[in-house]
Amino acid sequence: MSNYAIMRFQKYKLGSVANIERHQKYRERLHNRAHPEREKENISYSQYNETMRKTLKRAIKAQEKATGKKVRKDAVVLTEFVLTFSPEMENQIDKNEWIKANVKWLCKTFGKDKLLKLFTNADEKTFHIHAYISTYHNGKFNASKYFGKKSQIIELQDSYAESMAQFGLIRGESKEQTGARHQTLHEWKKSECERLEKELQEMKESVFADEKETTSPSIESEIFDDLR
């Protein structure tokens, strides 16, 4: 039986952030969910009472004011983490405790103030988390602080697996050990962008026409008590 701790991440520019939030807000409209009846089991956390885009735009203005320079349009301002486990472990893990452990790892690794939003998806094939981390650090956006080198990514994978060991989960073997060809980040990014665009097409565009930059209230949960 596979018992892997699975962590993937994707970096985004500001122009992609609005679509990410719309996807999460209207995901009940998607038709490809494996367990739509579990919709009510999903929980969420928002650090600020506003959209991520607004939070990030404020940080951009702060950086530009401090430096006197425009932030590049292609600057990485947000990182999405998808955190999950092997499907075979679905009924072997206490979900609430697993979420708490993930929140603890995210905050310890990146800082509480960097965790802008977090959503759990219980209505898809395997229970998983989407966590959104700001790359704003010490007055400027700096994704390379965490993702600039291959060694940093390996350290993140090692650190995450270590934090998930309490649930009987282990780190998968690296491609150096197995000789397997893993999907590259570029390939995964392309497939994720295509998936997101396809899912967004399933939603009625009219819903977005008059949408203001407000965020739906988070579902209260003791899981996030330490963050409040």
Side-chain angles (χ1 to χ4, degrees), residues 1-12 20 23-24 27 33-35 38 41-45 76 78-112 114-135 143 145-189 191-192 195-196 221-227:
M1 180 178 72
S2 297
N3 60 329
Y4 295 122
I6 301 170
M7 181 268 283
R8 274 187 153 169
F9 67 89
Q10 176 62 53
K11 296 178 286 186
Y12 291 103
I20 293 170
H23 169 71
Q24 289 295 343
R27 57 185 312 282
R33 292 179 297 161
H35 303 287
R38 298 180 186 175
E41 296 178 26
N42 292 336
I43 61 175
S44 64
Y45 164 78
V76 173
L78 186 73
T79 305
E80 176 185 20
F81 279 83
V82 178
L83 308 168
T84 186
F85 41 76
S86 298
E88 295 89 337
M89 298 296 291
E90 180 75 29
N91 298 318
Q92 308 297 319
I93 291 177
D94 183 316
K95 303 297 193 307
N96 283 351
E97 293 302 316
W98 180 78
I99 297 170
K100 289 180 182 179
N102 275 274
V103 171
K104 183 177 180 180
W105 178 78
L106 289 164
C107 292
K108 180 180 179 181
T109 303
F110 303 103
K112 288 183 179 180
K114 303 297 189 299
L115 178 57
L116 301 186
K117 290 184 185 292
L118 182 148
F119 302 90
T120 67
N121 289 166
D123 49 353
E124 297 186 25
K125 185 175 181 180
T126 303
F127 190 93
H128 61 277
I129 288 173
H130 290 269
Y132 298 93
I133 303 293
S134 168
T135 64
K145 173 177 171 58
Y146 300 104
F147 316 110
K149 301 177 182 178
K150 182 178 178 180
S151 59
Q152 291 174 298
I153 296 173
I154 292 174
E155 288 174 4
L156 280 176
Q157 294 283 2
D158 290 342
S159 171
Y160 181 67
E162 183 178 348
S163 71
M164 295 295 109
Q166 60 184 298
F167 302 103
L169 300 174
I170 62 174
R171 189 197 196 287
E173 294 182 333
S174 68
K175 64 180 181 181
E176 285 79 9
Q177 293 174 303
T178 63
R181 181 188 179 280
H182 292 185
Q183 187 181 42
T184 66
L185 183 59
H186 175 73
E187 291 170 338
W188 184 71
K189 178 180 178 179
S191 65
E192 284 296 290
R195 175 187 63 80
L196 184 58
S221 172
E222 63 177 11
I223 292 171
F224 305 119
D225 283 347
D226 291 340
L227 297 178

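Source: prediction; values computed, not measured.
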Qualifying residues under side chain to side chain contact (heavy atoms under 4.5 Å, CB included), relative to Ala5, sequence neighbours excluded: Tyr160, Met164, Leu169
Within this structure, what is the CZ-OG1 distance for the pair Phe147 and Thr79, rounded to the nearest 0.5 Å? 4.0 Å
Any idea which heavy atoms bring Tyr4 and Ser86 closest together, and the distance? N-OG, 2.8 Å
Over 60° means perpendicular and under 30° means parallel, so classify the ring planes of His130 and His128, tilted if in between. perpendicular
When rounded to the nearest 0.5 angstrom, what distance separates CD in Glu88 from OG in Ser2? 4.5 Å
Would the number of heavy atoms belonging to other residues, nucleotides or ligands and lying under 6.0 Å from CD of Gln152 be above 12? yes
List in chain and number order the residues that pass side chain to side chain contact (heavy atoms under 4.5 Å, CB included) with Lys145, two or more places apart in sequence or in another chain; answer none if no residue qualifies. His137, Asn142
Is the shortest side-chain heavy-atom distance between Arg171 and Ile154 below 4.5 Å? yes
Shortest non-hydrogen contact from Met89 toward Gly168: CE-O, 4.4 Å
List in chain and number order the residues that pass salt bridge (charged side-chain N to carboxylate O under 4.0 Å, His left out) with Glu90, two or more places apart in sequence or in another chain; answer none if no residue qualifies. Lys95
Quick check: Phe110 with Tyr146 (ring centres under 6.0 Å apart)? yes
Less than 4.5 Å apart, side chain to side chain, heavy atoms only: is that true for Phe119 and Asn42? no
dist Ile129:CD1 -> Ile99:CD1 (nearest 0.5 Å) comes out at 5.5 Å
Rounded to the nearest 0.5 Å, what separates atom CG in Asp158 from atom OG in Ser151? 11.0 Å
Gln10 side, atom CD; Leu78 side, atom CG - distance, nearest 0.5 Å: 10.0 Å
side-chain contact (heavy atoms from CB on, under 4.5 Å) assessment of Glu155 paired with Thr109: CA-CA 11 Å; Glu155 288 174 4; Thr109 303; over 6 Å; no
Return the orientation label for the Phe9 and Phe81 ring planes: parallel under 30°, perpendicular over 60°, tilted otherwise. tilted
pair Thr126-Ile6: side-chain heavy atoms closer than 4.5 Å: no
Closest approach of Asp94 and Asn96, non-hydrogen atoms and distance? OD1-N, 3.1 Å
Can you tell me how far the CG atom of Leu115 sits from the OH atom of Tyr132, to the nearest 0.5 Å? 11.5 Å
For the backbone of Trp105 and the side chain of Ser163, can you confirm whether one donor and one acceptor N or O come within less than 3.5 Å of each other? no
Heavy-atom pair of closest approach, residues Leu83 and Met7: CD2-CG, 3.3 Å
Quick one, Leu116 and Ile133 - any side-chain contact, counting heavy atoms below 4.5 Å? no
